[in-house]
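Both counts, for ligands and for their atoms, begin at 1 and track the order of listing. Note that these values count all heavy atoms, side chains included, but never hydrogens, waters or copies made by symmetry.
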Amino acid sequence: MSTPLMSTVALVTGASSGIGQATARRLAAQGATVVLVARRQDRIDVLAKEIAEEGGRAVALAADLTEAEAATRIVATAVGRLGRLDTLVNAAGMMLTGDSLRAPLDEWQRMVDINVNGLLYVTKAALPHLVDAAAASPRQVADVVNISSIAGRFVIPNAAVYNATKFGVTAATEAWRQEFSRRNVRFAVVEPGLVETELQSHQQEAVREGMAARFADVEQLHADDIAEAVAYVVTGPRRRAVAEIVIRPTDQV
Ligand code: NDP
């Protein structure tokens, strides 16, 4: 059976959990060979096995993407083993919010390290391969989808640094879109509202409890709702470039 991403390779960061994991499954189901990247080797090994059992193809490569060398190495390893790279989904990220007077500086640094620097390292390493894939493949197109956030489009109190990282992702994605559109590399941001994943679990307890109370009556999105949007972006015909998708839970203001 022919599938939209047949014969393509997709690298998905944050594949051990939540949005990245759901996206990897979706892209594998569309025929892509998926490179699964996160720090937790055991999680991505299990996912690779599950994708294989469902008839797909996946390779698990563990890396801490806050290290430029590690990010560069996994892209080189993926292309060395699979011969190409057509799709990059940057989903790895952290959200650590709360009162700025009390927030440890370390939390701010960790968000900048992964949400901004990690994404830049992987994208920089992937770019030449994406340009090659767009020029040489039968589809004549390659894709980068960056998982930003509604916090990358609208500011909220107690989230200054998360806002800064996600506005940075949104801005860089649009600048790259303009830079690479004539080379058929599409860049898109997906900006979710509240999604039920492990993201909240890294927050300090008081912050977590505050958010749980604030959003108690909101039916949260599922990771697969976001994966479906990513799949819509990357499976479209060459002529269709989706630049931005905002997705909120219906009852989140
Ligand atoms: P999860 O916590 O479930 O997943 C985060 C992923 O990032 C994990 O796979 C984790 O893997 C990976 N990761 C974190 N740090 C690193 C690192 N240093 N190196 C490599 N991988 C890393 O959260 P979500 O799935 O919800 O988040 C995915 C993205 O979506 C994030 O960018 C988040 O900001 C964004 N988002 C999420 C929303 C939500 O409500 N959940 C809303 C809006 C945006 P591991 O720990 O194994 O390294």
Side-chain angles (χ1 to χ4, degrees), residues 11-26 34-48 60-75 88-97 106-107 109-123 125 145-154 156 159 161-170 172-173 188-203 207-208 211-212 214-215 218-227 229-230 244-249 252:
L11 189 150
V12 180
T13 75
S16 63
S17 169
I19 294 168
Q21 185 179 68
T23 300
R25 282 189 202 283
R26 278 251 172 195
V34 186
V35 182
L36 311 170
V37 182
R39 288 167 302 184
R40 286 171 289 179
Q41 180 87 60
D42 53 338
R43 291 273 198 112
I44 53 177
D45 282 344
V46 169
L47 180 60
L61 297 177
D64 182 343
L65 298 175
T66 63
E67 295 168 12
E69 273 181 20
T72 307
R73 192 177 58 242
I74 55 112
V75 172
L88 168 64
V89 180
N90 283 305
M94 296 205 86
M95 180 179 74
L96 302 164
T97 55
D106 164 68
E107 288 196 346
Q109 287 166 335
R110 284 162 62 203
M111 283 192 287
V112 172
D113 284 349
I114 185 61
N115 298 3
V116 179
N117 292 338
L119 181 146
L120 298 185
Y121 300 148
V122 178
T123 305
V145 182
N146 291 329
I147 309 300
S148 178
S149 167
I150 53 167
R153 185 149 250 302
F154 308 99
I156 42 173
V161 179
Y162 188 62
N163 276 146
T165 65
K166 293 300 186 178
F167 266 72
V169 169
T170 300
T173 309
V189 273
V190 175
E191 298 163 328
L194 203 59
V195 188
E196 200 169 2
T197 67
E198 291 176 13
L199 194 75
Q200 298 284 347
S201 68
H202 308 290
Q203 303 256 41
V207 176
R208 213 169 52 232
M211 282 196 76
R214 197 167 135 224
F215 294 110
V218 170
E219 183 186 352
Q220 297 186 29
L221 295 167
H222 294 180
D224 195 50
D225 296 327
I226 311 306
V230 176
E244 183 172 14
I245 299 180
V246 179
I247 311 176
R248 291 187 185 82
Q252 181 179 358

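Under a 4.0 Å N-O distance rule, the pair Arg153/Glu244 qualifies as a salt bridge.
If you check the side chains of Gln109 and Asp113, you find no donor sitting under 3.5 Å from an acceptor. A donor and an acceptor atom, one from each side chain of Asp64 and Thr66, are located under 3.5 Å apart. A donor-acceptor pair shorter than 3.5 Å cannot be found between the side chains of Ser16 and Gln21.
Protein neighbours of ligand 1 below 4.0 Å, counting non-hydrogen atoms: Gly14, Ala15, Ser16, Ser17, Gly18, Ile19, Ala38, Arg39, Arg40, Ala63, Asp64, Leu65, Thr66, Ala91, Ala92, Gly93, Ile114, Ile147, Ser148, Ser149, Tyr162, Lys166, Pro192, Gly193, Leu194, Val195, Thr197, Glu198, Leu199, His202.
Partner Ile226 forms a side chain to side chain contact (heavy atoms under 4.5 Å, CB included) with one of Ile19, Thr23, Val145 and no other, that one being Ile19.
Residue pairs meeting the salt bridge (charged side-chain N to carboxylate O under 4.0 Å, His left out) criterion with at least one partner in residues 192-201, sequence neighbours excluded, are Arg40-Glu198, Arg43-Glu198.
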